[in-house]
Amino acid sequence: MLVEKFNHTVIEKKWRSYWDTNNVFKTSQDRTKKKFYCLEMFPYPSGKIHMGHVRNYTLGDVIANFKRLNGFNVLHPMGWDSFGMPAENAAIQNKLHPKQWTLNNIETMKSQLKLLGFSIDWDREISTCDKSYYKHQQKFFIDLYKKGLVYKKESSVNWDPVDNTVLANEQVIDGKGWRSGADVIQKKLSQWFFKITKFADELNNSLESLNAWPEKVKLMQKNWIGKSIGCEIQFSLSDSAKKETLKIFTTRPDTIFGASFIALAIDHPLSKKYEKSAEFISFKEQCYKIGNTDEAIAKTEKFGFKTDYEAEHPFITNKKIPVYFANFVLMDYGTGAIFGCPAHDQRDLDFARKYNLEVLPVILPSDQNEKDFEIKNEAYVENGTLINSDFLNGMTVEQAKSTVIKKFEDSKKGLGKTTFRLRDWGISRQRYWGCPIPILYREDGSVVPVREQDLPIELPEDISFDKPGNPLEHHPTWKFTTCPETGQKAIRETDTLDTFVDSSWYFLRFCSSDNDKAGYATDDAKYWMPVDQYIGGVEHAILHLLYSRFFSRAISLDTEFVVTEPFTGLFTQGMVCHKTFKTEDGQWVYPEDVVEENNQTFEKNTKKRVIIGPSESMSKSKKNVIDPQSVIEMYGADAVRWFVLSDSPPERDIQWSDEGISGSYKFVQKVWNISEKINSIQEKKELVHEVQNDLDKLINKLIKDITYNIEHFHFNVAVAKFYEFINALSKILSDNEIDKEKYQSIFKQFLILIYPFLPHLASECWEKITKEQNLHCQNWPVFDEKLLIVEEINLVIQINGKKRAILLVKPDISEENLFNMSLDLDNVKKFTENKTILKKIYVKNKLINFVVTE
RNA sequence: GCGGAUGUGGUGGAAUGGUAGACACGUCAGACUCAAAAUCUGAUGCGCGCAAGUGUGUAACGGUUCAAGUCCGUUCAUCCGCACCA
């Protein structure tokens, strides 16, 4: 039989335009239906889509389709995270306006996403650089300002003195600006902050409720928030002149009797006293010289500067404790001051050894006795019993902590306190291509938010990048205005918002994307939120996800509908990797420029030898990228979708390979061929009962397997089950080419199951059988438990746990019979002869294990 | 340094404590063909054996169990996160 190939170019296009013109993926307004909000992290419009996008959106699309077929009202939208620095860099390089650059990219990428046949409701498309979006964001900013969740303070930033701009941490490479190469300096700037720390405890505690989040992500957020429970202690200080008090923070107040020094951060307020001291200045310089890479800091030796202060021990009268500035104490954590207990903290021990300070153990390990216990080069940080500690002696660490905190509180020398590692979120960016911060600085010095009716504060389009720095700052007129309330002259804030703000509420906007009055409508949010399934890269595990959790809480605070957790389910997918190619002189080569001759690889044009390197995540810098569009054109969207779902579990990295994609292509063709073969059956005779039964069982098993594996995100296993089914079906078919109706009824169920994966192919096959274009609105098939029962089982016979035979039996034969039957088998006899059977184990319908003497 | 994850054929990977290697790629053999491509069939962890079989095998070592890739302990390797956080 000659069948025409599945012509993906024509057929896939046909279905995309059918879905489009018939609004098949438009979100239903029916609010009586159970909802499902399926969201993938929206892309930054950088130019073209890459394989990572394809994988991300394919995963989401399977879920969205699956839920639709299961009767849910599904919200599956798409938008653009379209503010950000690359647009400005492109503008500078290509003399193209950031807006135009961005809009061009969006157009390209949208058309590419459409090629993949994703079931996206494009009517809800949003773009964060559009004023219809950022106007609401400005309103949120003002709301937060009024709620006291926004404030301005001096903070130090990475400043590139050549480009006159603030750099993000990742743009500072070895202490130099990534573009100018200039030494980056720390500059104090007045910047806006969101008070995310106000929510620190809640963000931390609420992680527990996120059952459908990967443990790994929760742990990363927990560590990032860094809650630590401890206590603040007031020490009395005295130098020759006067008495002062000093607050320190510790999580180990139980070790107070082992305190042998106090250490301050070098920029602690008390350093004022020494700012003219040459010795102190040189100490400070020594600290700064170490550099700011994290690793350098961690490996640096601990050293300090001794002050002439002495602190009084809170419980031991007349005990004086020396006070140092130390290079390992940070001003922005706790109070910027600690007490050191060298016996039970490694850093403190290193420091104490260097300056010959007392090392007094106060915690005794349970396996040691007090007389012999000694601290050598390692501090003892585990649990134990308190010793050398007056009223704490004999207690456990936990008891000692609570006892001593109570004592501090009673004597007003300290207070139980919890601190967090999490800092407030600095949101000012000295950049053009971002959301303007709606703030006016009036002539009289007052700072006021813009009135709501004056929103949006639009970005001017007539800007110039001729001068370095922020074009908003240089604009001849934009920032000069008058205050509408007082008529005073005023200057606009020229900083724009961090683009992480844009992505911290876009999921709410999707619920009400065309609402002009508000960022989102309560009714819409009540119905759609939270996002049931969120899918994206693990690189956003902390910042984006934490900011979103904060921002949605903050903006909905004191409203009728408070969004606590915006994403109930989270899935983080792995990256797409590909082999790397390099010439012998170290130049990266694009895969399509590599040619093979006589088992050697060469660069197409220069004929230079090419070395094939290890598979690494696709990146433009290594040129190991595959352009999705060209692959779609060659193999079709369905084959590409199939490829990114097969083989690797979605949470792991996947290796792109030419063999892999052609394998996927073959599968698409194979399904098509079987479909055509079924439809062309002429012989009207009915299949014999046994074969019908086999087919029923086959599809029934598939329904069970696919349902289970989609629900558990085992898409690679689902793919394998489809292969198994098609292999088995094709075998049965080639032996029994009769009874078209039976095969079609089986195949129709298969098409519903595979539609989420291969929507174009499945729809076409469906239409061929049913003459209908309605596969997308079928019901997900249900499996029948009765059909899962097998007539014959392979009962494994083990002797001492080793497989020795297989018994083909009907289920539910009595245990005793099975034992006798198996003991009759030759191979079983061989291993039981002259042995005593000590024990017989029977696992129903699975195996028998005879335990015999050796 | 601290925290976490992972380790299974030539490769990607399957496997509610119960037949390890499903499925796919690759390789080999065969069919079809003048030939090639495509397609189809079969084989494929390693050792021994003509075969039936049998030994061995899930990073290494040890333990629990009738039975361990799976549970527990120690070690090694790789990857990720945090990094002087008091």
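As a basis for the values below, the full set of heavy atoms in this structure was taken, side chains included, without hydrogen atoms, waters or symmetry mates. Nothing here was measured: the structure is a model prediction, and the numbers come from that model. A note on names: the letters A, B, ... follow the listed sequences, proteins ahead of strands, and every chain is numbered from 1.
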Student: Which part of the nucleic acid, if any, lies within contact of F831(A), taking any heavy atom under 4.0 Å across all strands shown: a base, the sugar-phosphate backbone alone, or nothing?
Tutor: sugar-phosphate
Student: Quote, to the nearest angstrom, the P distance that separates rC72(B) from rG4(B).
Tutor: 14 Å
Student: Between rG13(B), rG53(B), rC80(B), which one does the side chain of K216(A) approach most closely?
Tutor: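 For the K216(A) side chain, the nearest candidate turns out to be rC80(B).
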Student: How far, in whole Å, is rU6(B) from rA14(B) if one measures between their P atoms?
Tutor: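 The answer is 12 Å between these two P atoms.
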Student: Below 6.0 angstrom between ring centroids: does that apply to F643(A) and Y665(A)?
Tutor: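 Ring centroids of F643(A) and Y665(A) are no less than 6.0 Å from each other.
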Student: Do the two ring centres, one from F715(A) and one from F713(A), sit under 6.0 Å apart?
Tutor: yes
Student: Please name the nucleotide paired to rU78(B) by Watson-Crick or G-U wobble geometry with both distances under 3.5 Å, or report none.
Tutor: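 Looking at the geometry, rU78(B) pairs with rA5(B).
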Student: Does a side-chain N or O from Y333(A) land closer than 4.0 Å to OP1 or OP2 of rA86(B), or not?
Tutor: yes
Student: Is the base of rG62(B) syn or anti, where syn means the angle lies within 90° of 0?
Tutor: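 In terms of base orientation relative to the sugar, rG62(B) is anti.
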Student: Taking atom types as they are modelled, would you say the side chain of K721(A) forms a donor-acceptor pair with the base of rC23(B) within the 3.5 Å cutoff?
Tutor: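 It does not, because no donor-acceptor pair links the side chain of K721(A) to the base of rC23(B) below 3.5 Å.
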Student: What's the gap between rC50(B) and rU39(B) when it is taken at their P atoms, as a whole Å value?
Tutor: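 Going atom to atom, P in each nucleotide, I get 37 Å.
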Student: Take atom C1' in rC34(B) and the same atom in rA29(B), then report the distance between them in whole Å.
Tutor: 22 Å
Student: Taking the ring centre of each residue, are F351(A) and F261(A) less than 6.0 Å apart?
Tutor: yes
Student: Determine the Euclidean distance between corresponding C1' atoms of rU8(B) and rU78(B); express it in Å to zero decimal places.
Tutor: 16 Å
Student: What distance do F339(A) atom CZ and T250(A) atom OG1 have between them, rounded to the nearest 0.5 Å?
Tutor: 4.5 Å
Student: Would you kindly give the CG-to-P distance between L729(A) and rC23(B), to the nearest whole Å?
Tutor: 16 Å
Student: Rounding to an integer number of Å, can you tell me how far I799(A) CD1 sits from rG55(B) P?
Tutor: 11 Å
Student: Can you tell me the distance, in whole Å, between the CG atom of D735(A) and the C1' atom of rU41(B)?
Tutor: 12 Å
Student: Of the listed nucleotides (rG18(B), rG42(B), rC40(B)), which one gets closest to any side-chain atom of K731(A)?
Tutor: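 Within the option list, the nearest is rG42(B).
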Student: Considering all heavy atoms of both residues, which atom of M331(A) and which atom of D267(A) are nearest to each other, and what is their separation?
Tutor: CB-OD1, 3.2 Å
Student: So does R804(A) get a side-chain nitrogen or oxygen closer than 4.0 Å to the phosphate oxygens (OP1/OP2) of rU54(B)?
Tutor: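 So the side chain of R804(A) is within the cut-off, an N or O lying under 4.0 Å from OP1 or OP2 of rU54(B).
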Student: Tell me whether the side-chain N/O atoms of R421(A) come closer than 4.0 Å to OP1 or OP2 in rA83(B).
Tutor: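 Checking rA83(B) against R421(A), a side-chain N or O does come within under 4.0 Å of OP1 or OP2.
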Student: It should be established whether N716(A) places a side-chain nitrogen or oxygen under 4.0 Å from OP1 or OP2 of nucleotide rA14(B).
Tutor: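 Affirmative; the distance criterion is met.
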Student: E724(A) side chain: which of rG81(B), rA22(B), rG18(B) is closest?
Tutor: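 Side chain of E724(A) sits closest to rA22(B).
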Student: When the C1' atoms of rG42(B) and rU19(B) are compared, how many Å lie between them, rounded to an integer?
Tutor: 23 Å
Student: Let's see if you can work this out: which of rA24(B), rA86(B), rU39(B) has an atom nearest to the side-chain heavy atoms of N727(A)?
Tutor: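 Shortest atom-to-atom distance from the side chain points to rA24(B).
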Student: Can you sort out which residues in residues 257-266 of chain A have a heavy atom within less than 4.0 Å of RNA chain B? Ascending by number, please.
Tutor: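 By residue number: none to list.
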Student: Starting from C1' on rU41(B), measure out to CG on L733(A) and report it in whole angstrom.
Tutor: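 So the CG-C1' distance, L733(A) to rU41(B), works out to 16 Å.
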Student: From Y324(A) OH over to K354(A) NZ, what is the distance, rounded to the nearest 0.5 angstrom?
Tutor: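 Those atoms lie 11.0 Å apart.
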Student: May I ask which nucleotide in the shown strands pairs with rC84(B), Watson-Crick or G-U wobble, both distances under 3.5 Å?
Tutor: none
Student: Starting at CG of D647(A) and ending at C1' of rG26(B), how long is that distance when rounded to a whole Å?
Tutor: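 Going from CG in D647(A) over to C1' in rG26(B) covers 12 Å.
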Student: Indicate whether any N or O donor in one side chain lies under 3.5 Å from an N or O acceptor in the other, for Y333(A) and S228(A).
Tutor: yes
Student: Measure the shortest side-chain to side-chain distance between I363(A) and L386(A) over non-hydrogen atoms and say whether it is less than 4.5 angstrom.
Tutor: yes
Student: Mind checking who rG12(B) pairs with, Watson-Crick or G-U wobble, both distances under 3.5 Å?
Tutor: rC23(B)
Student: Using the P atom in both, what is the distance from rA37(B) to rG26(B), to the nearest Å?
Tutor: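 So the two P atoms sit 13 Å from each other.
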Student: Quickly work out the L698(A) CG to rC23(B) P distance and round it to whole Å.
Tutor: 13 Å
Student: Within the structure shown, what part of the strands sits under 4.0 Å from K803(A) by heavy-atom distance: base, sugar-phosphate, or nothing?
Tutor: base
Student: Choose from rG4(B), rU54(B), rG18(B) the nucleotide whose nearest atom is closest to any side-chain atom of L219(A).
Tutor: rG4(B)
Student: Where the side chain of L330(A) is defined as all heavy atoms beyond and including C-beta, which of rA14(B), rC23(B), rA86(B) is the nearest nucleotide?
Tutor: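 The listed nucleotide nearest to L330(A)'s side chain is rA86(B).
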Student: Once you apply a heavy-atom cut-off of 4.0 Å, does Y723(A) come out as touching a base, just sugar-phosphate, or nothing?
Tutor: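 Since only primed, P, OP1 and OP2 atoms lie under 4.0 Å of Y723(A), the category is sugar-phosphate.
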Student: Taking the C1' atom of each, how far is rC66(B) from rG73(B), in whole Å?
Tutor: 23 Å
Student: When you match S648(A) and D332(A) each to their closest nucleotide on RNA chain B, which lands nearer the 5' end?
Tutor: S648(A)
Student: On the side chain of K579(A), is there an atom forming a donor-acceptor pair with the base of rU11(B) - under 3.5 Å, no angle test?
Tutor: no
Student: Find out whether the Lys NZ or Arg CZ of R804(A) is both under 6.0 angstrom from the six-membered ring centre of F831(A) and within 45° of the ring's axis.
Tutor: yes
Student: Between N624(A) and T580(A), is there a side-chain donor-acceptor contact under 3.5 Å, judged purely by atom types and distance?
Tutor: no
Student: Could you check which of rU16(B), rC66(B), rG13(B) has an atom nearest any side-chain atom of K846(A)?
Tutor: rU16(B)
Student: Without decimals, in angstroms, what is the distance between I542(A) CD1 and rC80(B) P?
Tutor: 14 Å
Student: Go through rA86(B), rU54(B), rA15(B) for me and flag the one nearest to the K830(A) side chain.
Tutor: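 Taking heavy atoms from C-beta onward, the closest nucleotide is rU54(B).
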Student: Decide whether Q669(A) and N673(A) meet the rule of one side-chain donor and one side-chain acceptor closer than 3.5 Å.
Tutor: no
Student: With respect to the side chain of V329(A), which nucleotide from rA14(B), rA86(B), rU19(B) is positioned closest?
Tutor: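 Nearest listed nucleotide: rA86(B).
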Student: Kindly say if R347(A) contacts the phosphate of rC85(B), meaning a side-chain N or O under 4.0 Å from OP1 or OP2.
Tutor: yes
Student: Verify the contact: side-chain N or O of N223(A) to OP1 or OP2 of rC85(B), cut-off strictly under 4.0 Å; return yes or no.
Tutor: no
Student: For a quick test of reading the model: is some side-chain N or O of S228(A) closer than 4.0 Å to OP1 or OP2 of rA86(B)?
Tutor: yes
Student: In terms of side-chain heavy atoms, does K670(A) have a donor or acceptor partner in N727(A) at a distance below 3.5 Å?
Tutor: yes
Student: Is any side-chain N or O of K839(A) closer than 4.0 Å to OP1 or OP2 of rC66(B)?
Tutor: yes
Student: Do any side-chain nitrogens or oxygens of K802(A) fall under 4.0 Å of OP1 or OP2 in rA68(B)?
Tutor: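 Checking K802(A) against rA68(B): no side-chain N or O falls below 4.0 Å of OP1 or OP2.
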Student: What's the closest nucleotide to the N327(A) side chain, out of rG81(B), rG18(B), rC84(B)?
Tutor: rC84(B)
Student: In the strands shown, is rG42(B) matched to any nucleotide by a Watson-Crick or G-U wobble pair with both distances under 3.5 Å, and which?
Tutor: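 Paired with rG42(B), as far as the under-3.5 Å criterion goes, is rC28(B).
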